[in-house]
Every structure is written in C-alpha cells, then in structure tokens.
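First up is the structure itself, then whatever we jot down about it.
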Amino acid sequence: MKKISSGKVREIYEVDDDKLLLVASDRISAFDYILPAMVPNKGKVLNQLSAFWFDFVKDIVPNHVISVDIKDLPEEFQTPEFEGRSMLVKKLKILPVEFIIRGYITGSGWKSYKENGTVCGIKLPDNLQESEKLPEPIFTPSTKAEIGDHDENISFEQVCEIIGVDLATKLRDKTIAVYSKCAEYAASRGVIIADTKFEFGLDENGELVLGDELLTPDSSRFWPAKDYVVGKSQKSFDKQYLRDWIKSSGYDPETKAPIPDDVINTTSAKYIEAYELLTGKKF
C-alpha cells in the first residue's frame, strides 16, 4: 500500500485511483510542532468523532467517508493496530484554504480584536469580553501552511481570488450551516463549540465534498458549558489544556524534551470525555 503523506497526526495511503485510507495516529501537535509524546486513544477519538459528525451533517453537504468498518478496509489494514482509527474515503481535490468559523471570541481572534477591534478584517462590536459569544458566527478563513510554518488569516475577498466568488460564497454558507447545526446539538450535550475549522474538496464531478476531519478536539475548541464564564480563558476538552501547560511551564517544543505522563494522560482523558459527551456513547 503506497503511503502518500504523513501529516501532523494522520498517515494517508493510496488504495487505488479514487480511494484513500486515512489512519489517525496518537501523535499530537501544538504551536505547529509535533510533540515527542503519544496520547493514548487520541487517534481513535479523532476518527470515530469525525465519523459521527460526518453522518450528522450529511443532509447539508456530502462527505468523503466510504466506511470506518474494519471489514471494509484493504486486507493489509484488517488488524487490531488499525481498528477504530482508520477511515476509507473518496479521493478529493482538496481546496487550498482552511475554512475556519468562530462562534466565540478567543485565541488568535481575541488577540486581534484587542489590537484593532477586528478579526480577519471583520469589524466586531465594541466592548466584547474574552470568550464572549459573538452576535453571530463569523467566517475567518486561513491559508494552509506546511508543517512548521504558520497558517495566515485571510479575508473572504482573498478566498474569492483563490477559488472564485461563486465557490467561495457557497463554501462560506456551508461552513456556517454545518457549524450552526453542530453547535446547537453540542450545546444540548453540555459542550460549547467555540470555533472550528473545516476542509472541503471537489470530487471527480466537481461537486463540493466535506473532507479531512470534522469537529474533533484537534480541529476545534470544545468548552464545558457548566464551567463557562465570560471574561477569561475557558476550561476545555481539547488540546488547549496541553497548549496552556506548554505556555505556563516554559516548555520549549523545539527541544523535544519528554512531556510528563500526567499531562499526557489528562489530555487523553479530555479527548475521551469530549467523545462520550458528544456522541452519548461509552468509548
């Protein structure tokens, strides 16, 4: 089986001319560095939570999933090593933009807002507090950087220049629709989806298809609703916990020094808790 890519988290294999196999590893990245630790069960959470969400929004936009059942995988991958963390998907022409949507003001959006009252060129109301819910979700796309480089926020107008006005408009509308449906559902499960990013591609017929991963703790900020308080950074179910530990401890990802077991195990527990809350299933 030909491996065509090894990303921050996923290994991608070419099954044939129109199918790929995505395998989610237990690697974790932060601040654009792949960290020297494996987070137990992380890959399985990413894979199975993505499968849940893809099915949940298939009425809004088609997705690339063919199967996550190990019996449907190529024979070489029908082993315990790959079970639960592998997804057979349609090959797409992935668009060169990350489709980010924010329902709350936090992270780099909060930093930008404090500087000039805008996020990705979008003027926001005055006097917002950190982590406050926005009047409506905002579409804040970015470029895709190579591993080790930083993504660059771009305006909607720049997206139009890259992929065309009609496609950019359709993608913005789909991004908002998917986020809105999932955020409303997550809220009913006690989880706030503060922001997230999507990837879209075109299939062999030029049709728009949702790909990559969807609403995982790697691609989203998940906050426990019961602990939500406006005006400060929030507790989270995602890798924000690990980012915060890196910042507070002074850990330098470039050194690739070992990360304490308790930090890794807490991160794993947060991923699993998010999965169980959102799907209603025991991991």
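All figures in this text were calculated on a predicted structure; none of them were measured in a lab.
Phe222 is not listed as a side-chain neighbour of Glu273, based on a closest heavy-atom distance of 4.5 Å or more. The shortest distance between side-chain heavy atoms of Tyr13 and Pro74 does not fall below 4.5 Å. For the pair Ile4/Lys2, a side-chain contact is recorded, criterion being any heavy-atom separation below 4.5 Å from C-beta on.
Side chain of Tyr113 to main chain of Leu128: a donor-acceptor pair is present (N/O by atom type, distance under 3.5 Å, no hydrogens or angles). Without hydrogens or angle criteria, Ser188 side chain to Tyr185 main chain gives a donor-acceptor distance under 3.5 Å. A donor-acceptor pair under 3.5 Å links the side-chain atoms of Gln158 to the main chain of Ser155, judged by distance alone. No side-chain donor-acceptor contact under 3.5 Å links Ser67 to the backbone of Asp72. With hydrogens and angles ignored, the 3.5 Å screen pairs no side-chain donor or acceptor of Tyr271 with any backbone N or O of Gly43. Although no hydrogens or angles enter the test, the distance criterion places a donor-acceptor pair under 3.5 Å between the side chain of Ser248 and the main chain of Trp245. Between the side chain of Ser131 and the main chain of Lys232, a donor-acceptor pair closer than 3.5 Å is present. In this structure a side-chain-to-backbone donor-acceptor pair under 3.5 Å is missing from Lys8 to Tyr33.
Considering all non-hydrogen atoms of both residues, Pro253 and Leu35 come closest at CB-CD2, 4.0 Å. Contact record, Val9 with Lys42: CG2-NZ, 3.6 Å, taken as the closest heavy-atom pair. Residues Gly84 and Asn47 come closest through the heavy atom pair O-ND2, 3.0 Å.
Of the candidates Arg189, Lys282, Lys270, Lys281, Lys282 is the only one forming a salt bridge (charged side-chain N to carboxylate O under 4.0 Å, His left out) with Glu276.
Summarising the geometry, atom CG belonging to Leu210 is positioned 7.0 Å from atom CZ belonging to Phe198; distances are rounded to the nearest 0.5 Å. Within the model, atoms CD1 of Ile272 and CG of Leu277 stand 12.5 Å from one another, a figure rounded to the nearest 0.5 Å. With rounding to the nearest 0.5 Å, the separation of NZ in Lys123 from CG in Asn116 is 8.5 Å. For the atom pair CG (Leu167) and CG (Leu202), the distance works out to 6.0 Å, reported to the nearest 0.5 Å.
Within a 6.0 Å radius of CG in Asp252, other residues, nucleotides and ligands contribute more than 12 heavy atoms. Counting non-hydrogen atoms of neighbouring residues, nucleotides and ligands closer than 6.0 angstrom, the NZ atom of Lys170 reaches no more than 12 such neighbours.
At a threshold of 4.0 Å, the pair Lys58-Asp55 counts as salt-bridged, since one of the basic side-chain nitrogens sits closer than that to a carboxylate oxygen. Remark: Arg221 engages Asp195 in a salt bridge, criterion side-chain N to carboxylate O under 4.0 Å. Contact check on Lys197 versus Glu98 returns a salt bridge, with a Lys/Arg side-chain nitrogen under 4.0 Å from an Asp/Glu carboxylate oxygen. Between Glu11 and Arg27, at least one side-chain N (NZ, or NE/NH1/NH2) sits under 4.0 Å from a carboxylate O, which counts as a salt bridge. Salt-bridge annotation for Arg10 and Glu213: present, with a side-chain N of the basic residue lying under 4.0 Å from a carboxylate O of the acidic one. Here Lys44 does not pair with Asp26 in a salt bridge; the nearest charged N to carboxylate O distance is not below 4.0 Å.
Between Phe99 and Phe139, the ring planes are parallel. Angles under 30° get that label, and only those over 60° would be called perpendicular. Taking the six-membered ring where tryptophan is involved, the planes of Phe52 and Phe56 are essentially parallel, since the angle between them stays under 30° and well short of 60°.
Here Tyr104 and Trp110 keep their ring centres 6.0 angstrom or further from each other. For Trp223 and Phe237, the ring centers sit 6.0 Å or farther from each other. Ring centroids of Phe82 and Phe77 are separated by less than 6.0 Å, placing the two rings close together.
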- Message: What verdict does the side chain to side chain contact (heavy atoms under 4.5 Å, CB included) test give for Thr118 and Leu124, after you've listed the backbone C-alpha separation in whole Å, the side-chain angles of each residue and the deciding distance to 0.1 Å?
- Response: CA-CA 6 Å; Thr118 70; Leu124 295 178; over 6 Å; no
- Message: Show, in sequence, the C-alpha distance, side-chain angles and deciding distance for Lys90 and Glu204, and conclude whether the salt bridge (charged side-chain N to carboxylate O under 4.0 Å, His left out) test is met.
- Response: CA-CA 10 Å; Lys90 288 189 288 189; Glu204 69 279 7; 6.0 Å; no
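Partners of Leu92 by side chain to side chain contact (heavy atoms under 4.5 Å, CB included), not counting sequence neighbours, listed by chain and number: His64, Ile94, Asp203, Val209.
Counted by atom type alone, Lys239 and Ser29 present one or more donor-acceptor pairs between their side chains at under 3.5 Å.
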